[in-house]
*Asks:* 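Can you read through this structure? Questions will come right after.
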Amino acid sequence: MGAALRRIQLGSALSAFGLGFTVPYLYVYVAQVRDLGAGTAGVVLAAFAMAALAVLPFTGRAIDRRGPLPVLVVASALASVGAAALGFASSVPAAVLSAAVLGAGTAVMQPALATMLVWCSSTATRTRAFATQFFLQNLGLGLGGLVGGQLVDVSRPASFTMLFLIESVMFVVLGVVVTTVRMPRPASLGGARPADGSAAKGGGMRALLSHRAMVQLCVLGFVLFFACYGQFESGLAAYGTEAAGIAPSTLGFALAANTAVIVVAQFVVLRLVERRRRSRVIAAVGLIWAFAWIVAGYAGLGHGSQTMATAAFISTYALFGLGEAMLSPTVAPLVADLAPESMVGQYNSAFALCKQLALAVGPAVGGPMGASLHGPYIVTFVLFSLGITVLALRLGRRLTPVQDQPSLAGVPSRVVAVSLPEGGDGAEAGTAGAGSPSASTAASASTGH
């Protein structure tokens, strides 16, 4: 990695470490430590999620007009203020408002960081850059949760205040670190982003919706996050405790197994998938997750011993982790490779919005089903996982060979516009692919890292 990419990855890991400090304990903090009740805690968590949904539709255009760096600095400052305020919030309005500010700031960070990774990587190196970010973020979240758990004490509100202040400082550090990054400005990208922001005026949601491959990827992304991340702490947790008789403390071991698989397997998996077609890798994830849901079904409906049920339930989370490790080098880089030069931020934000919608809808649907409709719950999500496989294979037909398998690119390029929204067909997109003469010419004008 170049110096710019290293600093971006460092800042990303530190912000994840800060989030890991507080997010697992947010419910307990509001409901028990501040004694505001379970209902208020639910409202606070909803405000955190809804704020993200409110700001993401505007984030992409801001990134494309102003660049990802100033947007990320503003977002980190906003998140820092929200975290600090939450640490001192003792009333319902203060807690809800602070959570909304924190949620808005952290939501804007993700597409801004993704766009910075795109600017600092090439088609050939982007897969590894996003895999590294995913690895470091999970490591940061895991370490943050582990350290935070040793510091908090429900009987001492000051211990939680300290956690939120540490999180606030981590966001400040992120802002400071990224301001030291010298962002590469390739000639093609610089020409697409004039200072007055006129480049984004010809794009917008209409252009994105006319790009069939991107629309299919957004639908696929929604199903991915709905069938996995949207169930971790809601439907699957409810199913495990109600149907499988899993002790609440075992949920922590299951989440730890998920993180451990990601951290241990990420770069082993990367070597296996980076020279294979992205669409087929995503399709394989659907099959792995379908098997994971079948294993979960055995845990709750198999009538085996409690030890076997517990082992099966933990294995379910581990299998999800394997799938996540396979997705990190495929999905996020594919969003970047589909984006036209002037709409990188808008494409990243649109995909982040689909993710956030899935994370909002997933618990609302999965929670009640997992708690009471045990058989239908498992069948539903086995079918959703198989749907991932079908959607991924259909998406593969709309991708150019280089988009589907970046290792085919003969000449590394910083050009992001490898597929045009108008029509979205492979033949048209192929004319601007990373291996085309026009892309090679643009790449020669940029500096390596």
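Values below: every heavy atom of this structure, side chains too, minus hydrogens, waters and symmetry copies.
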*Asks:* If you count every heavy atom of other residues, nucleotides or ligands that lies below 6.0 Å from Met162 atom CE, does the total exceed 12?
*Replies:* yes

*Asks:* Do Ser12 and Gln137 have side chains that approach each other closer than 4.5 Å (heavy atoms only, starting at C-beta)?
*Replies:*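 The answer is yes; the side chains approach within 4.5 Å.
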
*Asks:* What residues form a ring-ring contact (aromatic ring centres under 6.0 Å, His included) with Phe320, not counting sequence neighbours?
*Replies:*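 Partners of Phe320 by the ring-ring contact (aromatic ring centres under 6.0 Å, His included) criterion, ordered by chain and then number, come out as Phe232, Trp289, Trp293.
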
*Asks:* Among residues at least two apart in sequence or on other chains, which ones pass salt bridge (Lys or Arg N to Asp or Glu O under 4.0 Å) with Arg7?
*Replies:* none

*Asks:* Rounded at 0.5 Å granularity, tell me how far OG1 in Thr132 sits from CG in Leu5.
*Replies:* 7.5 Å

*Asks:* Looking at Arg278 and Asp337, is there a salt bridge between them, counting it only when a charged N and a carboxylate O are closer than 4.0 Å?
*Replies:* yes

*Asks:* Taking atom CG of Leu383 and atom CD1 of Ile378, what is their separation to the nearest 0.5 Å?
*Replies:*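 If we round to the nearest 0.5 Å, Leu383:CG and Ile378:CD1 are 11.5 Å apart.
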
*Asks:* Going by side-chain contact (heavy atoms from CB on, under 4.5 Å), name the residues that satisfy it together with Val295, two or more places apart in sequence or in a different chain.
*Replies:* Phe291, Ala312, Ser315, Thr316, Leu319

*Asks:* Nearest heavy-atom pair of Pro157 and Val33: which atoms, and what distance?
*Replies:*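 Result for this residue pair: CA-CG1, 3.7 Å.
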
*Asks:* Output all residues satisfying side chain to side chain donor-acceptor pair (under 3.5 Å) with Thr106, sequence neighbours left out; order by chain, then residue number.
*Replies:*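 Checked Thr106 against side chain to side chain donor-acceptor pair (under 3.5 Å); zero matches.
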
*Asks:* If you take the centroid of each ring, where Trp contributes its six-membered ring, are Phe381 and Tyr377 closer together than 6.0 Å?
*Replies:* yes

*Asks:* So do Leu165 and Phe88 actually touch side chain to side chain, heavy atoms under 4.5 Å?
*Replies:* yes

*Asks:* Report, as yes or no, whether the 6.0 Å neighbourhood of atom CZ on Phe58 holds more than 12 heavy atoms from other residues, nucleotides or ligands.
*Replies:*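 Open.
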
*Asks:* Can you give me the closest heavy-atom contact between Val73 and Gly175, atom names plus distance?
*Replies:*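 Residues Val73 and Gly175, closest heavy atoms: CG2-O, 4.2 Å.
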
*Asks:* Is it true that the side chains of Glu324 and Asn258 contain a donor and an acceptor less than 3.5 Å apart?
*Replies:* yes

*Asks:* Any side-chain donor paired with an acceptor under 3.5 Å for Gln231 and Tyr239?
*Replies:*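 No - no donor-acceptor pair under 3.5 Å links their side chains.
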
*Asks:* Check whether any side-chain heavy atom of Leu141 sits under 4.5 Å from a side-chain heavy atom of Leu19, and report yes or no.
*Replies:* yes

*Asks:* Quick one: pull up CG in Leu338 and CD in Gln216 and give me the separation to the nearest 0.5 Å.
*Replies:* 10.5 Å

*Asks:* Taking atom CZ of Arg34 as the centre, does the number of heavy atoms from other residues, nucleotides or ligands within less than 6.0 Å exceed 12?
*Replies:* yes

*Asks:* For the residue pair Phe160 and Phe164, is the inter-centroid distance of their aromatic rings smaller than 6.0 Å?
*Replies:* no

*Asks:* Who pairs with Arg156 by salt bridge (Lys or Arg N to Asp or Glu O under 4.0 Å), at least two apart in sequence or on another chain?
*Replies:*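 Partners of Arg156 under the salt bridge (Lys or Arg N to Asp or Glu O under 4.0 Å) test: Asp153.
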
*Asks:* Out of curiosity, Trp119 CH2 to Ile8 CD1, how far, rounded to the nearest 0.5 Å?
*Replies:*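 Spacing of CH2 (Trp119) from CD1 (Ile8) equals 10.5 Å.
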
*Asks:* Could you pull out the closest heavy-atom pair between Val172 and Ser80, with the gap in Å?
*Replies:*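 In terms of heavy atoms, the two residues are closest at CG2-OG, 3.3 Å.
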
*Asks:* Roughly how far apart are Leu86 CG and Ser168 OG, rounded to 0.5 Å?
*Replies:*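 So the gap between those two atoms works out to 11.0 Å.
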
*Asks:* Among side-chain atoms of Asp404 and Ser279, is any donor-acceptor pair under 3.5 angstrom?
*Replies:*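 The answer is yes; a qualifying pair exists.
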
*Asks:* Tell me, please, which residues at least two apart from Gln266 pass side chain to side chain donor-acceptor pair (under 3.5 Å).
*Replies:* Ser328

*Asks:* Output the distance between atom CG (Leu334) and atom CG (Leu327), rounded to the nearest 0.5 Å.
*Replies:*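 Spacing of CG (Leu334) from CG (Leu327) equals 11.5 Å.
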
